[in-house]
Novice: 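Questions regarding the structure given below will be posed in turn.
Note that these values count all heavy atoms, side chains included, but never hydrogens, waters or copies made by symmetry. Lettering of chains follows the sequences in order, A, B, ..., and the numbering in each one begins at 1. These numbers were taken from a predicted model, which means no experiment stands behind them.
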Amino acid sequence: MNSSLSTSAVTAAELPPRDLKRSGASFLLWAFILAILALSWEGADMRPMALIENSGNMVDFADGFFPPDFLMWKTYVSEMWITIQIAIWGTALAIVCSIPFGILCSENIVPFWVYQPVRRLMDSFRAINEMVFAMLFVVAVGLGPFAGVLALWIHTTGVLAKLFSEAVEAIDPEPVEGIRATGANGLQEVIFGVIPQVLPLWISYSLYRFESNVRSATVLGIVGAGGIGMVLWEYIRAFYYAETAAVMIIIILSVSLLDVISQRLRKLVT
Amino acid sequence: MLVVDISGLNKSFSRDKRALNNVSLQVREGEMVALIGASGSGKSTLIRHIAGLLRGDRDGGKIEVFGEVIQQNGRIARGARKVRADIGVVFQQFNLVSRLTVLTNVLTGMLGRVPAWRGSLCLFTKAERMRAMTALKRVGIDSHATKKARNLSGGQQQRAAIARTITQGARLILADEPIASLDPASSRKVMNTLDRVNREDNVTVIVSLHQVDYARDYCARTIAMRDGAVVFDGPSTELTPEFLRELYGEYSSELFASAPDDVPAKSRVAEKDLAFVSS
């Protein structure tokens, strides 16, 4: 009885009719994507044949990298350590600044005449690449790691303030109301009601930015802002490919190591 | 002494529907008043206006608490923050900060009383900490003081919220559906705690409730609301089921969650007794 019932139910079922509107839309979307790729072909100077034609040269070139020359490894390691220290200070200063800026960017905490201008300021911090800031600061404070710290500080403040404010805008408003109802002032509402809620996310974002700042800091040296990038740039310009390979291996190892450590820490807090 | 004095309060969230409709009422010191009504009748809205968390319409409505204006004509008064320190609010969802410890949550009750810089840095004196612990002991959850608030049960969190108002030294407690998300046993404990604070400390309590049974058991006076207006204000003993049905019409079944309309009066009493035994 039961089984016959279920079979008849299955035979009665029908496939939904094809939705022409939807398939039309997806066709248009794909056509659009392909058109954009085709239009950009010329501008990007796409020459896939060059890869094949010059393959002989490239093999010679790649040959120069092997074996990597680790003769000066002590310098590489100490320069890498400087790079990490640049990232540490750049990130730390950015975190300190992003806390107030992040709160001043949040539309559930401050009125629009505060968050709009602060958001635009953060946009401009974020829009300019670290390398550009680094070049400017090299002129302002001279060659060396400090210029790199300042560059990372400004750019990362722009990024973290945005991420922090997104966390603040997603909070549960009820505990904040509970704090307000005790007669607390606005700052205390933030300290006791908002920050405990967003702290795990904030820590996670900060660690993530530290990871990417270590990566960014490895190239800051190219414009004279200190660290391993300076060494790398010198070797590439002088065609010392074996040494270049060694430096690149050091960078890969340290960046991967820091990524793993920071990922572990991020898992701990969230 | 008048604790709450509301006159001509209106509130419209949208143009055509009034959440509060010409509400005027007075509450005297030491009273424990129940605020009843169906969902959407304006109980929570009224409580949030008294606490100064919502602003009324700009048509002359006024709320005074302890003789101080908290809002008038749609504007929160300058001194509202000072008055708020005397008002403790207990919310349906407890509104504790779940990642802070119970003790810290209770200590935030002191924020309106200690210097701002000290409160902001969470620097509370030993005496203030003792005061918070004493409040926790009174509501019976002092053994959970160092736990994070989110690790407590709903009933315990609500009692922690009451401890916050005790620590605050509130002379008026506004409880917005404090037992709506609790089981019957926890509900009794929370209502008993409010009742004790009311009798022992002479704190005025206004509590909005979903179930009329609790209003009758704990509060001498009941204010009933419908569609944003006060439709009954008097002794809770006058709240007979027939009266309420007349008052609330089609919504009465919602008010009597424990007593459906079609059950004869006699068996309804028996059912209510059973409910007492089980809680």
Novice: Can you measure from CD (A/Gln197) to CG (B/Leu100) and round to the nearest 0.5 angstrom?
Specialist: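 Going from CD on A/Gln197 over to CG on B/Leu100, the span is 9.0 Å.
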Novice: Can you tell me how far apart CD1 (A/Ile191) and OG1 (B/Thr108) are? Round to the nearest 0.5 Å.
Specialist: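 Taking CD1 in A/Ile191 and OG1 in B/Thr108, the distance rounds to 12.5 Å.
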Novice: Count the heavy atoms belonging to other residues, nucleotides or ligands that lie under 6.0 Å from OH of A/Tyr208, then report whether that count exceeds 12.
Specialist: no
Novice: Quick check on the structure: residues of residues 82-93 of chain B within a heavy-atom distance below 4.5 Å of chain A, by number.
Specialist: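 Counting heavy atoms that sit under 4.5 Å from chain A, the residues of residues 82-93 of chain B involved are B/Arg84, B/Ala85, B/Ile87, B/Val89, B/Phe91, B/Gln93.
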Novice: Look at atom CZ of B/Arg75 and say whether more than 12 heavy atoms of other residues, nucleotides or ligands are closer to it than 6.0 Å.
Specialist: no
Novice: Around atom CZ of B/Phe13, are there more than 12 heavy atoms from other residues, nucleotides or ligands closer than 6.0 Å?
Specialist: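 More than 12 heavy atoms, drawn from other residues, nucleotides or ligands, come within 6.0 Å of this atom.
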Novice: How far does OG1 of A/Thr182 sit from CG of B/Asn105, to the nearest 0.5 angstrom?
Specialist: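 Result: 10.5 Å between the selected atoms.
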Novice: About how many Å separate CG of B/Leu111 and CZ of A/Arg180, when rounded to the nearest 0.5 Å?
Specialist: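 Rounded to the nearest 0.5 Å, the CZ-CG separation comes to 13.5 Å.
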Novice: Counting distance only, does the side-chain N/O of A/Glu177 pair as donor-acceptor with the main-chain N or O of B/Leu53 below 3.5 Å?
Specialist: no
Novice: Under 4.5 Å from any heavy atom of chain A, what part of B/Arg113 do you find: side chain, backbone, both or neither?
Specialist: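 Neither part; nothing is under 4.5 Å.
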Novice: Which pair of non-hydrogen atoms, one from B/Val97 and one from A/Gly193, has the smallest distance, and what is that distance?
Specialist: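 What the structure gives for the nearest pair is CG2-CA, 4.2 Å.
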Novice: So for atom CZ, which belongs to B/Arg55, do other residues, nucleotides or ligands contribute more than 12 heavy atoms lying within a distance under 6.0 Å?
Specialist: no
Novice: Counting only non-hydrogen atoms closer than 4.5 Å, does B/Ala51 touch chain A with its backbone (N, CA, C, O), its side chain (CB onward), both, or neither?
Specialist: neither
Novice: Check whether more than 12 heavy atoms from other residues, nucleotides or ligands sit under 6.0 Å from atom CH2 of A/Trp89, and answer yes or no.
Specialist: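 Atom CH2 in A/Trp89 is not packed in, count stays at 12 or less.
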Novice: Should we say atom NZ of B/Lys189 is surrounded by more than 12 heavy atoms from elsewhere, each under 6.0 Å from it?
Specialist: no
Novice: Taking every heavy-atom pair that is under 4.5 Å apart, which of B/Cys122, B/Gly52, B/Ser120 has the most such pairs with chain A?
Specialist: B/Ser120
Novice: Looking only at heavy atoms, what is the nearest atom pair of A/Phe192 and B/Thr104, with distance?
Specialist: CE2-CG2, 4.4 Å
